[in-house]
Chemist: 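Okay, handing you the structure first.
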Amino acid sequence: MKKLPILYIVIPCYNEEAVLPVTAPMFSDKLNRLVDLGMISGDSRILFVNDGSSDTTWDIICQLAKEDEHFLGISQSRNRGHQNAVLAGLMEAKDRCDITISIDCDGQDDINAMDEMLRQYREGFEVVYGVRGSRDTDTFFKRFTAESFYKLLNAMGVEVVFNHADYRLISSRVLQEFADFQEVNLFLRGMIPLVGFPSTTVYYSRHERLAGESHYPISKMLALALDGITSLSIRPIRLVLVLGFLFAFVSLAGIVWAIVQSIRGFVVPGWASTTCIICFFGGIQLLSLGIIGEYIGKIYLEVKHRPRYIISERTYDIDQ
Ligand code: UDP
Ligand code: MG
């Protein structure tokens, strides 16, 4: 008989003391049910990644790990953000299991979609993206900004699965290859498709948070959107180049026009037009510099090659 695959469910947690006691039993019930159904091995685990929480989240994780061997925890040395926390968990899990599923800890993503993900894995898919079928529970604003974000990313040439966040199954084989993607500017949902291997999608509906509050305010969402574009696409810089050519051509025509006018003796004191032109080109130049600066900033961060996560504590012995 074929050996059952070991699954690690990777769950980032940042200041989640309100929701963790509610969702942790849900995750362990799910895991046990999947084991009972013969879909995964009994050695499967739930791996919490504490992302430098300032509340009692880590204590709760340690307690859970003490009471039930299915729970494991690692703690980042400080808050590094959701993407780094997920990466830390995936890299930790990749040598200990056959499959990982990453999911948020607030119960918003439907855990029952895991069955279908595992079925797809059995069919031979190495990456299974969880896609939100409907966004009924999101506010209009969140829905609108999120959907525009996916469209913008695609327009900029970044390959992302529409309406997929970070709820996905990845096989450890894919993670082994992904470990070679050494960039520090992380945008996992745009990076995973670059690894290749057969992939598919599974639809699920997204619920409201079960407790606590979102840690993704609009400022963090915007930062993620900007990171997504500038980490994975150089199309904005091309756009700047095209704009540069376009305006260079227009200004050449303007110069010719001005010379002709002055030769014909039609020169008028054109304060307004001069000011407009200065403002216009000043604006375009600043915008272009800003875009280029954003990329130079990224290069600056990449060349330093700092660690992308630092694990300070574990609820288990790493050599086991
Ligand atoms: N999270 C994290 N580090 C952070 C912010 C969030 O690990 O700096 C985790 C958080 O605990 C949750 C997931 O990322 O499990 C998604 O965050 P949240 O639910 O606050 O975002 P939303 O669903 O509102 O976009
Ligand atoms: Mg959430």
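In listed order, ligands and their atoms are each counted from 1.
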Chemist: May I ask you to check if any N/O/S atom from D106 comes under 2.8 Å of the Mg ion (ligand 2)?
Modeler: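 Yes, since at least one N, O or S atom of D106 sits under 2.8 Å from the Mg ion (ligand 2).
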
Chemist: Within the 3.5 Å criterion, strictly below it, is a donor on Q120 or T200 matched to an acceptor on the partner's side chain?
Modeler: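 Q120 vs T200: no donor-acceptor pair found between side chains.
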
Chemist: Return yes if a side-chain donor-acceptor contact under 3.5 Å exists between Y150 and R189, otherwise no.
Modeler: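 The criterion, which ignores hydrogens and geometry beyond distance, is satisfied for R189 and Y150.
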
Chemist: Determine whether the side chains of N50 and S75 contain a donor N or O and an acceptor N or O closer than 3.5 Å.
Modeler: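 There is such a pair (donor and acceptor under 3.5 Å, judged by atom type) between the side chains of N50 and S75.
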
Chemist: Charged N to carboxylate O under 4.0 angstrom, E294 versus K298?
Modeler: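 Salt bridge present between E294 and K298.
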
Chemist: Given the side-chain rings of F178 and F181, with only the six-membered ring counted for Trp, is the space between their centroids under 6.0 Å?
Modeler: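 Ring centroids of F178 and F181 are less than 6.0 Å from each other.
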
Chemist: Sort out the contact shell of ligand 1: every protein residue with a heavy-atom distance below 4.0 Å, listed by chain and number.
Modeler: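 Contacting ligand 1 under 4.0 Å are P12, C13, Y14, E16, D51, N79, G81, H82, A85, D104, C105, D106, Q108, K142, R206, R209, S214, H215, Y216, K220.
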
Chemist: Just checking, any donor-acceptor pair under 3.5 angstrom between side chains of Y204 and D109?
Modeler: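 Yes - a donor-acceptor pair under 3.5 Å links their side chains.
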
